[in-house]
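Worksheet: the structure to be examined is printed underneath.
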Amino acid sequence: MPRYLTFALIAPLSAFGGVAVGERRDGFDRPARSAILGLVAACLGLTRDDPRQDDLARDYGLALLCHAPGQLLTDFHTAQMPSAQRNTRFRTRAQELATPDLNTTLSRRDYRAGSWHLGALWLRTETAPWSLDDLAQAMRTPVFTPYLGRKSCPLGLPLAPDLQDHENAVSALRDRYRQGPEGRLSLTSSSSPQAEHQERTTLRHTLARTAPNRRHWAEWDRLTTPAEAQSEHTMRHMIVMDQQDADQHGLPDETIQTVFRRDQPRSRTRWQFDLREEAVMTVPVL
């Protein structure tokens, strides 16, 4: 069976950027492929101009289980920037601010508060430069600080990488959802008189209740659903991955749509990204 590396993507504040042009910097409701590969690159210690960034973008598959998108927050952002100067490159922020002709730029940027996602990586080729064990070790002891989208969005919980053999990526993410250490984090002590209702007060459950569209995120409150009706309210979650990987690592029969996202890295130094076809599935996890 294929081997998968699963990990947690949980943060009090995150930024899942889409195509950003001009003053309006919209965000997505789930991480982009480029963002997660960038996080892995940070753990490995790769700089933006490292040529091995291309290997990371090409040789590894990625799937995401989307549990809670987080509540949308929009920030009115101001920043002082120097005028564009030909053949001039500022190496530090201090050099930029030392320029006499500063201009104020305005933008609106989307953030997500309380997002909860799980990721799974696998090798697409036998010649990939890093094994899954290498990636797991890098996640445990990252070289650079990993964050979700922007530097102001550090992780709220450890990545907690885990290696397992599974039939496909969906099975690996299901198992991580059921057994992962982040799923047991509770907002109350186990010695509480309400210990029998512990699942109600897990952080995971609390964040899921903030999902803006419960039909699409398919998070049903099974604790308040009568036992005889629970079969009708099976908890289902959205799992996404590259369309090219869906046949081997996903469940094609559960695909509800395909979407195009411009998040396949082409050049990190020039901030260029290609279109990518993404398969969107909804699958039961409990």
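For H67 (side chain) and R204 (main-chain N/O), a donor-acceptor pair under 3.5 Å exists by modelled atom type. The main-chain N or O of R52 is found under 3.5 Å from a side-chain atom of D50 such that the two form a donor-acceptor pair. No donor-acceptor pair closer than 3.5 Å links the side chain of T269 to the backbone N or O of D49. The main-chain N or O of I10 is never found under 3.5 Å from a side-chain atom of S14 such that the two would form a donor-acceptor pair. Of the possible polar contacts, one joining the T99 side chain to the E96 backbone as a donor-acceptor pair under 3.5 Å is found. The backbone N or O of A128 sits nowhere less than 3.5 Å from a side-chain atom of D59 that would complete a donor-acceptor pair.
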Worksheet item: Do L106 and F76 pass the side chain to side chain contact (heavy atoms under 4.5 Å, CB included) test, and can you show the C-alpha distance, the side-chain angles, and the key distance before you say yes or no?
Response: CA-CA 7 Å; L106 307 178; F76 180 69; 4.1 Å; yes
Worksheet entry | side chain to side chain contact (heavy atoms under 4.5 Å, CB included) between L37 and R268, worked out | CA-CA 11 Å; L37 294 180; R268 290 282 185 181; 3.9 Å; yes
Discussion item. As a quick check of understanding, evaluate side chain to side chain contact (heavy atoms under 4.5 Å, CB included) for L13 and L73, giving each step before the final call.
Written reply: CA-CA 9 Å; L13 196 66; L73 295 176; 3.9 Å; yes
Discussion item. Walk me through whether M139 and L121 qualify under side chain to side chain contact (heavy atoms under 4.5 Å, CB included).
Written reply: CA-CA 12 Å; M139 289 182 179; L121 285 167; 4.0 Å; yes
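Here the side chains of L65 and R176 are not in contact, with every heavy-atom distance at 4.5 Å or above. Contact check for R3 versus D133: side-chain heavy atoms found under the 4.5 Å cut-off. R33 has its side chain out of reach of E278: every pair of non-hydrogen atoms, C-beta onward, lies at least 4.5 Å apart. Proximity of V280 to R30: side-chain heavy atoms (C-beta onward) are separated by under 4.5 Å at one or more points. Looking only at side-chain heavy atoms (C-beta outward), H117 and I36 stay at 4.5 Å or farther from each other. Contact check for V40 versus L135: side-chain heavy atoms found under the 4.5 Å cut-off. The closest side-chain heavy-atom distance from N103 to S83 is below 4.5 Å. A 4.5 Å side-chain heavy-atom check between I239 and L251 finds every atom pair outside the cut-off.
A distance of 14.0 Å separates CZ of R174 from CD of Q179, quoted to the nearest 0.5 Å. One distance of note links OG1 of T6 with CG of L163; it measures 7.5 Å at 0.5 Å rounding. Distance check, rounded to the nearest 0.5 Å: CD of E182 to OG1 of T202 gives 11.0 Å. Atom-to-atom distance recorded for Q272:CD and S267:OG is 5.0 Å, nearest 0.5 angstrom. The CG atom of D162 sits 8.0 Å away from atom CG of D175, with the distance rounded to the nearest 0.5 Å. A distance of 9.5 Å separates CE in M81 from CG in L102, rounded to the nearest 0.5 Å.
D245 has a carboxylate O that lies under 4.0 Å from a charged side-chain N of R124, or vice versa, which qualifies the two as a salt bridge. Using a cut-off of 4.0 Å between Lys/Arg side-chain N and Asp/Glu carboxylate O, R112 and D29 are scored as not salt-bridged.
Residues L64 and Y147 do not share a hydrophobic cluster, defined by chaining ILVMFWY side chains whose heavy atoms lie under 4.5 Å apart. Under the 4.5 Å side-chain heavy-atom criterion for ILVMFWY residues, a single connected hydrophobic cluster contains both L185 and L118. Tracing side-chain contacts under 4.5 Å through hydrophobic residues (I, L, V, M, F, W, Y), one reaches L148 starting from L56; they form part of the same cluster. Side-chain heavy atoms closer than 4.5 Å link hydrophobic residues (I, L, V, M, F, W, Y) into clusters, and following such links, even through other members, never connects L9 to Y111. Residue Y177 is grouped with residue L203 when hydrophobic side chains (ILVMFWY) are merged at heavy-atom distances under 4.5 angstrom, including chains of intermediate members.
Within 6.0 Å of atom CZ in R93, more than 12 heavy atoms from other residues, nucleotides or ligands are found, so the atom counts as buried in its surroundings. The environment of Q95 atom CD is dense: over 12 non-hydrogen atoms of other residues, nucleotides or ligands sit within 6.0 angstrom.
Grouping Ile, Leu, Val, Met, Phe, Trp and Tyr residues whose side-chain heavy atoms lie under 4.5 Å apart, directly or via other members, places W271 in a hydrophobic cluster with F273.
Side chain to side chain, S152 and R150 fail the donor-acceptor criterion of an N or O pair below 3.5 Å. Checking R48 against Q53 by side-chain atom types alone, no donor-acceptor pair falls below 3.5 Å.
In this view, T258 satisfies the side-chain hydrogen bond (donor to acceptor under 3.5 Å, both in side chains) rule with no residue, not counting sequence neighbours. Every residue two or more places apart in sequence or in another chain that forms a ring pair (Phe, Tyr, Trp, His ring centres under 6.0 Å) with Y4 is listed here: W122, H249. Residues that satisfy the salt bridge (Lys or Arg N to Asp or Glu O under 4.0 Å) test with D134, not counting sequence neighbours, are absent from this structure. For R58, the salt bridge (Lys or Arg N to Asp or Glu O under 4.0 Å) test picks out D55, with sequence neighbours left out. Not counting sequence neighbours, E167 has no partner by the side-chain hydrogen bond (donor to acceptor under 3.5 Å, both in side chains) test.
Counting all heavy atoms, side chain and backbone alike, T104 lies closest to Q80 at OG1-CG, 4.3 Å. Shortest non-hydrogen contact noted between F7 and P161 is CB-CA, 4.4 Å. The shortest heavy-atom contact between V170 and G250 is CG2-CA, 3.9 Å. A pairwise comparison of heavy atoms in H166 and S171 identifies ND1-OG, 3.1 Å as the closest pair. Considering every non-hydrogen atom in both P181 and A160, the closest pair reads CG-CB, 4.2 Å. Residues D110 and G27 share a closest heavy-atom pair of OD2-N, 3.1 Å.
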